[in-house]
Amino acid sequence: MTVYEYDDQIAEMKPPATSVGVLGWMRHNLFNGWFNTVLTIMVAALLIQTVPPLVKWALLESHWLPSGEACLNGQGACWSVITANLRFIIFGFYPHDLQWRPFLAMVILVALLFYSRNRDHWRKILGWGWLVGLAVMGVLLRGGLFGLSVVESTQWGGLPLTLLLSVFGLTAAYPLGILLALGRASHMKAVKALCVVYIELIRGVPLISLLFMSSVIFPLFLPEGVTVNKILRAQAAIIFFTAAYIAEVVRGGLQAIPKGQYEAADSLGLNYVQTMRLIILPQALKIVIPPSVSILISAFKDTSLVVIIALYDLLKTTKSVLSDPKWMGFSAEAYIFLALVYFLCCYFMSNYSRRLERELDTGF
Amino acid sequence: MQKIDIGDEKIPLLNDPAKRSLIYQVGVVLMVAALGYYLISNTLANLDRQSIATGFGFLEKESSFEIGESLIEYSAADNYARALLVGVLNTLKVSFVGIVLTVILGTLIGVARLSTNWLVSRLAAIYIELLQDIPVLLQLFFWYAFFYEMLPSPRQALNPVTGLFLCNRGMIFGVPAAHPAWAWMGWAFLVACVLAWLLRRWAMQRLFKTGKPFPIFWTSLGVLLGLPFFVWLLAGAPTAMDLPHLRGFNFQGGMSISPEFTALLLGLVLYTAAFVAEIVRAGIQSVNKGQTEAAKALGLKTGKVLSLVILPQALRVIIPPLTSQMLNLTKNSSLAVAIGYPDFVSVANTTINQTGQAIEGVAMIMAVYLCLSLLTSVFMNWYNKKMALVER
């Protein structure tokens with residue numbers, strides 16, 4: 001029998017240079033096998049071809065001064081179209097000297113969102129905080145109270161309008177969606193049938209057909225002399241549309257609750273409302289928080305469709321800047337800026353949703 | 001023994017679950033009916049007051065507007081019904097082409113996201129994150145502006161490969177010159193499809209009976225390519241091309257794809273592919289790693305592992321969400337109205353503006369999309385059922 005003795009030097013020996021550090025990482029992640037090597041070289045060549053000219057266009061040779069004269073003969077990007085029209089793009093036709101009001105409303109909204117990010121803060125008081133906050137935002141935008149002058153909703157536009165449509169849309173659609181989901185899960189045949197028809201009907205048609213409906217047919221529904229303004233009608237369409245999607249998400253949550261939970265509630269003698277309010281919905285809604293955030297994201301993106309019925313949301317204000325002869329031909333810059341705004345908002349939300357998903361994962 | 005009498009005492013009406021539920025249901029139905037009656041009576045009164053005609057009589061009238069592109073013969077002298085049909089066909093065209101391209105691109109990106117190549121998977125991740133988070137309408141506007149503003153006029157058209165021109169009038173490319181052989185080749189291809197299908201069925205049966213595999217892929221490919229090629233040779237092998245050439249201010253000859261169609265297609269495909277990629281990734285990841293290892297232990301080659309073990313299982317997870325993405329693409333094609341591609345919504349919108357028949361117009365839009373959704377989901381449900389796990 002041979003006895004091997006442990007050589008202390010082995011522990012001190014370094015791994016070969018090709019398997020650690022930058023070199024090892026590259027070998028492992030970029031050049032493992034001939035296929036990946038070819039792929040890496042091709043992709044790298046493509047990047048080298050596209051990225052430097054793009055950086056040159058967007059940053060090195062770009063123009064930023066609001067006057068915009070330099071753009072006409074310049075080569076690079078003309079960000080002046082943004083800097084010169086930023087206020088109009090963000091606030092639309094809101095009176096110039098009152099624009100601090102929508103700005104403050106947006107600050108309140110962002111502050112509320114930021115505060116709600118932490119799950120430790122999810123208490124009853126936060127719910128009230130949101131309600132008060134939304135009311136204050138409404139007053140700030142509309143005016144008419146506390147000596148603020150009235151700004152008609154026809155003058156609202158830009159980012160506040162986009163945020164308003166999506167935040168209010170979701171706040172109002174959520175309870176409606178829950179009701180629809182409960183109706184769909186109900187044993188009462190007539191109620192169930194009505195809810196199924198509603199949900200499938202709305203989910204089967206594009207949002208813009210509902211927006212058309214709100215803009216051309218909705219006025220016909222109302223009795224003579226009653227008018228509802230355009231923003232409110234579009235808001236209603238968005239709420240009805242979003243509610244159908246929320247209903248399906250909540251249905252998923254309801255289906256995930258084990259039957260024993262219902263039976264336990266029954267055996268305690270709770271009635272339907274109590275069962276739902278105290279036992280089922282708290283669990284079901286917790287499960288569906290992450291998909292709800294995806295609905296919020298798509299609702300936020302979908303508000304851009306109100307362009308089609310000529311509401312001045314963020315996209316429409318940008319488009320109307322581009323129709324000004326002075327700024328014609330700089331669409332790329334303007335759209336890239338808008339894409340960045342939308343991207344940042346959605347990225348923040350989806351990142352947050354992923355974090356929540358991890359935190360809430362109780363391994364049911 | 002004490003008797004417990006439970007029969008005689010009447011249960012109060014509201015405590016009997018069956019009766020209570022009946023009362024609730026009647027209540028809800030009555031409420032909905034009352035709301036419906038209120039809305040309809042208001043609408044009728046309003047229509048009467050504004051003296052708007054109702055009904056679909058307008059479909060017979062002359063439309064008197066031109067449509068930029070159509071799959072069937074159409075002129076402004078045709079009636080609204082035909083104009084709307086053109087719109088439906090355009091919607092179907094863009095949806096169909098879009099769905100095919102989306103599935104291909106989405107699968108590629110989804111697989112790229114899982115690549116062991118860091119660069120490739122990172123780029124795929126950036127693509128997915130970026131395109132998902134930008135509204136599709138904004139993307140459509142971007143591509144439309146790209147075609148109209150950034151591409152030169154026909155005189156300075158870009159010419160990346162011979163026979164292909166890119167300019168602000170769209171994409172123009174050479175096609176083979178007209179020859180009866182092309183139609184014959186089309187028929188030959190159809191026949192080849194049927195043959196390939198029969199071949200596959202026979203091969204599967206033989207595999208299950210005798211266990212002998214048959215190279216289906218290569219033989220089908222041979223039939224699919226070989227039969228049309230043979231017909232082409234028989235017809236005298238025509239090679240003449242109809243190349244586009246500049247005449248005056250625009251191109252003559254060749255085939256052109258309008259900037260509106262290209263922008264719409266590009267926007268829809270790039271946007272939806274990001275979602276499809278995520279679905280494909282999730283589907284592939286859902287297959288247990290042990291399955292791959294077991295298949296390899298049986299001695300299957302990588303290609304066989306993929307086609308016999310991984311894909312059939314991944315498809316089960318992929319198909320249902322993929323269906324809803326196809327429906328989303330179809331529904332999103334309605335955004336064509338914003339960039340001037342004459343899809344159904346755009347034609348219906350013009351019709352509404354000209355005739356004032358808003359209710360009928362919007363009702364038709366909804367009906368068409370509902371039918372499309374229904375057809376797609378019926379087909380996909382059938383396919384899903386075919387692929388589903390048969391549990392014993």
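Chain letters run A, B, ... following the sequence lines, proteins first, then strands; residues in each count from 1.
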**Request:** Quick one: which of Leu327(B), Leu44(B), Leu47(B), Leu39(B) has the most heavy-atom pairs under 4.5 Å with chain A, could you say?
**Result:** Leu39(B)
**Complete:** Applying a strict 4.5 Å limit to non-hydrogen atoms, the region of Thr43(B) in contact with chain A is both
**Asked** Contact part of Ile217(A) toward chain B, heavy-atom cut-off under 4.5 Å: side chain, backbone, both or neither?
**Response** side chain
**Asked** Is it the backbone or the side chain of Thr303(A) that comes under 4.5 Å from a heavy atom of chain B, or both, or neither?
**Response** neither
**Message:** As an exercise: rank Leu372(B), Ile365(B), Leu370(B) by heavy-atom pairs under 4.5 Å with chain A and give me the winner.
**Reply:** Leu370(B)
**Prompt:** Less than 4.5 Å apart, any side-chain heavy atom of Tyr38(B) and any of Phe221(A)?
**Reply:** no
**Request:** Can you tell which part of Asn349(B) gets under 4.5 Å to a heavy atom of chain A, answering side chain, backbone, both or neither?
**Result:** side chain
**Request:** Taking the side chain as every heavy atom from C-beta outward, state whether Tyr271(B) and Lys301(A) have any pair of such atoms under 4.5 Å apart.
**Result:** yes
**Message:** Can you tell me which portion of Val307(A) sits under 4.5 Å from chain B's heavy atoms? Options are side chain, backbone, both or neither.
**Reply:** side chain
**Message:** Would Leu220(A) and Asn42(B) count as a side-chain contact (heavy atoms from CB on, under 4.5 Å) here? Give the steps.
**Reply:** CA-CA 7 Å; Leu220(A) 292 176; Asn42(B) 275 338; over 6 Å; no
**Message:** I want to check something: taking the side chain as every heavy atom from C-beta on, are Asp302(A) and Pro135(B) in contact at a cut-off of under 4.5 Å?
**Reply:** no
**Message:** Among Pro223(A), Ala334(A), Ala339(A), which residue has the highest count of heavy-atom pairs closer than 4.5 Å to chain B?
**Reply:** Pro223(A)
**Request:** Would you mind checking which part of Leu315(A) comes under 4.5 Å of any heavy atom in chain B, side chain (CB onward), backbone (N, CA, C, O), both or neither?
**Result:** side chain
**Asked** Taking the side chain as C-beta and beyond, is there a heavy-atom pair between Leu138(B) and Tyr335(A) under 4.5 Å?
**Response** yes
**Request:** Tell me, with the steps shown, if Phe142(B) and Ile336(A) meet side-chain contact (heavy atoms from CB on, under 4.5 Å).
**Result:** CA-CA 8 Å; Phe142(B) 181 83; Ile336(A) 288 174; 4.2 Å; yes
**Asked** Do Gln25(B) side-chain atoms and Ala190(A) backbone N/O form a donor-acceptor pair below 3.5 Å?
**Response** yes
**Prompt:** Would you call Ser350(A) and Glu129(B) a side-chain contact if the rule is heavy atoms closer than 4.5 Å?
**Reply:** yes
**Message:** I need the residue from Val216(A), Val191(A), Leu340(A), Ile208(A) with the largest number of non-hydrogen atom pairs under 4.5 Å to chain B.
**Reply:** Ile208(A)
**Asked** Heavy-atom distance under 4.5 Å between the side chains of Ile134(B) and Cys346(A), does that happen here?
**Response** no
**Message:** Taking the side chain as everything from C-beta on, heavy atoms only, tell me whether Leu335(B) gets closer than 4.5 Å to Ile308(A).
**Reply:** yes
